[in-house]
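One structure is given here, and the rest of the page talks about it.
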Amino acid sequence: MICRAISPPRDRNFFLSLIKQATTISHLDQTHAQIIHNNLVTDNITITKLIQKLLDFKSHVRAKLLFSNTDSPDLFLYNVLIKGLRNSPFDSLCMYRSLLQKHGFEPDNFTYSFVIAALSDTVLWNTIISGLVKTCCFDESLQVFRDMVKRTKSFDSTTLAVVLSSIAELLEMKTGMMVQALALKIGCHSHDHVLTCLVSLYSKCGDIFTARLLFNLIGKPDLVAYNAMISGYSCNGETELSVQLFQELLLSGCKVSSSTIVGLIPVFYPFGYLDLTRSIHGFCVKSNFLLNSSISTALTTVYSRLNELELARKLFDESPEKTLASWNAMISGYAQNGQTETAISLFHEMQNLNIQPNPVTVTSILSACAQLGALGLGKWVHDLIKKECFESNIYVSTALIDMYTKCGSIDEARTVFNSLQEKNVVTWNSMISGYGLHGYGHEALKLFDEMLLSGISPTGVTFVSILYACSHAGLVKEGERIFHSMVSDHGFEPNSEHYACMVDILGRAGKLEEAVEFINKMPIKPGPAEWGALLGGCMVHKNSNLARLASDQLFELDPENVGYRVLLSNIYSNNQNYDRAASLRQVVRRKNLVKTPGCTLIEVNGQQHVFTSSDRAHPQLKGIYAMLEKLMGKMKDAGYLAETVTTALHDVEEEEKEIMLSVHSEKLAIAFGLMMSEEGGEIRIIKNLRVCLDCHNFTKFVSGITERVIIVRDANRFHRFENGACSCGDYW
DNA sequence: GGGCGGTCTG
């Protein structure tokens, strides 16, 4: 077609006018062919005009191709290209760089104005957005992006890729899909890096199916794309597929990177891939990947989650370059597995090495303090948080609330709660369960309503917390109302924990028959939690027949658990059924089941003291026993009778029982607390088991006689003793 | 263009 149009040789002006008049790309094609025919391709003026016209027609690819075939481009041609490519700022900047590097031209004022025009359109915006993403200001980066879309239409694939990674962090699937639509609109949806970001976004939002479809659209996935997909499978619990893709990558002969391994390590639920973790570990040893701190941190984490703390610690100790994340992984590993003292001592070690903690570190330490009841250390950490300005971090403030409620300072917790600008569902849950722990059922219910009003959706945990609060405050009607609203208003399918809470509510309130009926009507098979709750209710209300029913189920479901046998034995003793009580204890002994020994902790001047039953080890023992004797004398005058019958495990002589009871660990701790504190000061103790009836009674008397407030945290809740009464209303 | 560490129930 083109050949037919070729005419005899013409001069440059002729072609310039042809170019100027061209109204379609095909006109330009014809003109281009004639220029080639007339050997005018080396004429910069003609070629420049041609390129300019191509750029006017937005045919950037053709313009760039023509330019790359130009032997000696001059400054003017460069300027034309930089200006014409301003809507593809990346290309525009590439031209500018090539101008400086390849040809050594001095750019003129026009060059600069064109570069700046390109920059202000897109690159400047992209730089700001990616800067925000790099500093984890994801919300702000989205705001800037929205601004950019509003003010200029010139976002490019780089913008979208950066924004998508931000959206993936925020898990805003809907926004992500809108950006995906924009990508389709401007024709960069099929760009590999955009697709890779989309794979990552869909994986993080849990839609692994779509993620895989998008991955399949990438023609020849590079390592980064593979890494996104491998880690996507892994964090969605598709461990086998993750490993499969990893093997595929290895077979393709590709050299994997540290990111590949980090993504592959199964740190997410479901746990239990110990063998796989060991083989990844082995692979890392062979390929020297353990020198990489990210990999050794990820392995430390997964071993911790598998309860393999020794393996985790070995990795941590052998890691040549410990980052803050390595320390945090190890500390949280200990804290989450209940090795709270080790967590704290590792924290102190870190401090001695002058390594500054970050919000992640203090969150774990606060969790350890909460479990331990270490109020002194918790307050010290709170000061540190204020000093370092970590208060705005939602994890930190939530952990702080949890620490204060579990250390008995519910008012402090509420102060922190009120001061927060941002609260998520976990924050609300912590405060609600805190009120439950302290027996403040009505406050918990009020807070629950406030939470719904503020637009936060409750989770399963919220309902456990609120039902638990109802149970500990004897709020049967309210509990039943919440349970029903959970199903009908919030569309939740109750799980075993929720059913157990309801059994607990009914059982504690003495509605034992109703509780049994409730269990029988459950749509799922009742487990240890439900029967255990029933047994607890039977103990409070001294019903040995139903206790028998519950324990038969429990012994079958959980034969190794001693607690249930002890509970049943207490119920028998209580009904003077000493034979049965004794035979149960025989079973415990014969089966070599170990009863958790009771112990009580008290903090004096920031130092923790632990007492066990009939403790003989404490250096101030003499004083403690003297104090105890003095108290007993005064209490007997006031009408105290040891609750031997209901509490003791053994059918021994009355006097002997009394001696046994008198040395329960909480009594020792209270006596010690009285000795060590100022007149009128509060005493706080923490017990690992549920407080027994006698100790509860004892503490009520002590609070009356000594005019002290005594706060006791037991395995279930808080008791605040004041003027001879307890905040639980003898209901626990 | 991708990766590791943190809060709430029983």
Side-chain angles (χ1 to χ4, degrees), chain A residues 130 133 157-158 160-162 164-165 168 191-201 203-204 218 221-232 234-235 257-265 267 292-302 304 323-333 335-336 357-367 370 390 393-403 405-406 423-434 436-437 458-469 471 495-498 500-501 504 527-529 532-533 715-716:
Chain A
S130 77
V133 173
S157 64
T158 310
L160 297 187
V162 173
L164 280 172
S165 68
H191 287 201
D192 287 358
H193 61 293
V194 172
L195 280 169
T196 303
C197 286
L198 284 169
V199 167
S200 186
L201 169 75
S203 310
K204 280 182 183 157
I218 304 175
D222 63 359
L223 184 58
V224 178
Y226 266 104
N227 290 354
M229 197 63 231
I230 289 171
S231 115
S234 175
C235 64
S257 69
S258 62
S259 312
T260 323
I261 308 292
V262 174
L264 179 71
I265 295 171
V267 293
N292 180 300
S293 79
S294 303
I295 290 179
S296 78
T297 302
L299 283 171
T300 305
T301 307
V302 73
S304 297
T323 60
L324 189 50
S326 328
W327 286 90
N328 289 343
M330 199 61 241
I331 290 175
S332 75
Q336 286 169 1
N358 72 353
V360 179
T361 329
V362 301
T363 304
S364 292
I365 292 302
L366 284 173
S367 158
F390 293 160
N393 181 299
I394 191 128
Y395 284 91
V396 170
S397 45
T398 302
L400 206 49
I401 290 168
D402 185 51
M403 184 278 290
T405 64
K406 290 198 177 136
K423 301 181 190 84
N424 64 19
V425 67
V426 182
T427 320
W428 288 91
N429 290 351
S430 301
M431 198 64 230
I432 290 172
S433 79
L437 204 61
T459 61
V461 176
T462 316
F463 286 107
V464 173
S465 305
I466 192 83
L467 290 173
Y468 173 83
S471 154
N495 63 24
S496 172
E497 287 144 11
H498 300 115
C501 280
D504 197 49
N716 267 342

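Letters A, B, ... are given to chains in the order of the sequence lines, protein chains preceding strands, and every chain is numbered from 1. Computation of the quantities below employed the complete heavy-atom set of this structure, encompassing side-chain atoms and omitting hydrogens, waters and symmetry-equivalent molecules.
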Quick one: label [X] by what it contacts on the DNA or RNA (base, sugar-phosphate, nothing), any heavy atom closer than 4.0 Å.
| X | answer |
| --- | --- |
| A:Val194 | nothing |
| A:Ile401 | nothing |
| A:Thr398 | base |

[N] [atom2] sits how many Å from [X] [atom1], rounded?
| X | N | atom1 | atom2 | result |
| --- | --- | --- | --- | --- |
| A:Leu467 | B:dC8 | CG | P | 19 Å |
| A:Ile295 | B:dG5 | CD1 | P | 13 Å |
| A:Asn429 | B:dT7 | CG | C1' | 10 Å |
| A:Asn328 | B:dG5 | CG | C1' | 5 Å |
| A:Leu299 | B:dG5 | CG | C1' | 14 Å |
| A:Ile218 | B:dG2 | CD1 | P | 12 Å |
| A:Tyr226 | B:dG3 | OH | P | 18 Å |
| A:Asp402 | B:dG6 | CG | P | 16 Å |

If you only use heavy atoms from C-beta on, which nucleotide in [options] is closest to the side chain of [X]?
| X | options | answer |
| --- | --- | --- |
| A:Asp222 | B:dG2, B:dG6, B:dG1 | B:dG1 |
| A:Thr363 | B:dG5, B:dG3, B:dG6 | B:dG6 |
| A:Ser259 | B:dT9, B:dG2, B:dC8 | B:dG2 |
| A:Ser332 | B:dG2, B:dG6, B:dC8 | B:dG6 |
| A:Ala161 | B:dG1, B:dC4, B:dT9 | B:dG1 |
| A:Asn393 | B:dT9, B:dG6, B:dT7 | B:dG6 |
| A:Val262 | B:dG3, B:dG6, B:dT9 | B:dG3 |
| A:Ser257 | B:dG2, B:dG3, B:dC8 | B:dG2 |
| A:Val464 | B:dT9, B:dG6, B:dC8 | B:dT9 |
| A:Val360 | B:dT9, B:dG2, B:dG5 | B:dG5 |

Measuring to OP1 and OP2 of [N], would you say a side-chain N or O of [X] lies under 4.0 angstrom away?
| X | N | value |
| --- | --- | --- |
| A:Lys406 | B:dT7 | no |
| A:Thr462 | B:dT9 | no |
| A:Gln336 | B:dT7 | yes |
| A:Lys204 | B:dG3 | yes |

Ignoring hydrogens and geometry beyond distance, is the side chain of A:Ser258 in donor-acceptor contact with the base of B:dG3 at under 3.5 Å?
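It does, because a donor-acceptor pair links the side chain of A:Ser258 to the base of B:dG3 below 3.5 Å.
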Between B:dG3 and A:Thr260, counting only base atoms on the nucleotide and side-chain atoms on the residue, is there a donor-acceptor pair under 3.5 Å?
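Such a pair does not exist between side chain and base.
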Residues in side-chain contact (heavy atoms from CB on, under 4.5 Å) with A:Ala469, at least two apart?
A:Ala444
Chi angles and distances behind the side-chain contact (heavy atoms from CB on, under 4.5 Å) call for A:Asn358, A:Asn328:
CA-CA 9 Å; A:Asn358 72 353; A:Asn328 289 343; 3.2 Å; yes
Would you call A:Asp192 and A:Val224 a side-chain contact if the rule is heavy atoms closer than 4.5 Å?
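The answer is no, as the side chains (C-beta and beyond) never meet within the 4.5 Å cut-off.
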Check: A:Asp402 and A:Thr398 side chains under 4.5 Å, non-hydrogen atoms
no
If only atom types and distance count, is the side chain of A:Thr196 paired as donor or acceptor with the main-chain N or O of A:Ala225 below 3.5 Å?
no
Once you round to the nearest 0.5 Å, how far does CG of A:Leu223 lie from OG of A:Ser259?
7.5 Å
Using the test ring pair (Phe, Tyr, Trp, His ring centres under 6.0 Å), find all partners of A:Phe463 that sit at least two apart in sequence or belong to another chain.
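A:Phe463: ring pair (Phe, Tyr, Trp, His ring centres under 6.0 Å) contacts with A:Phe448, A:His490, A:Phe492.
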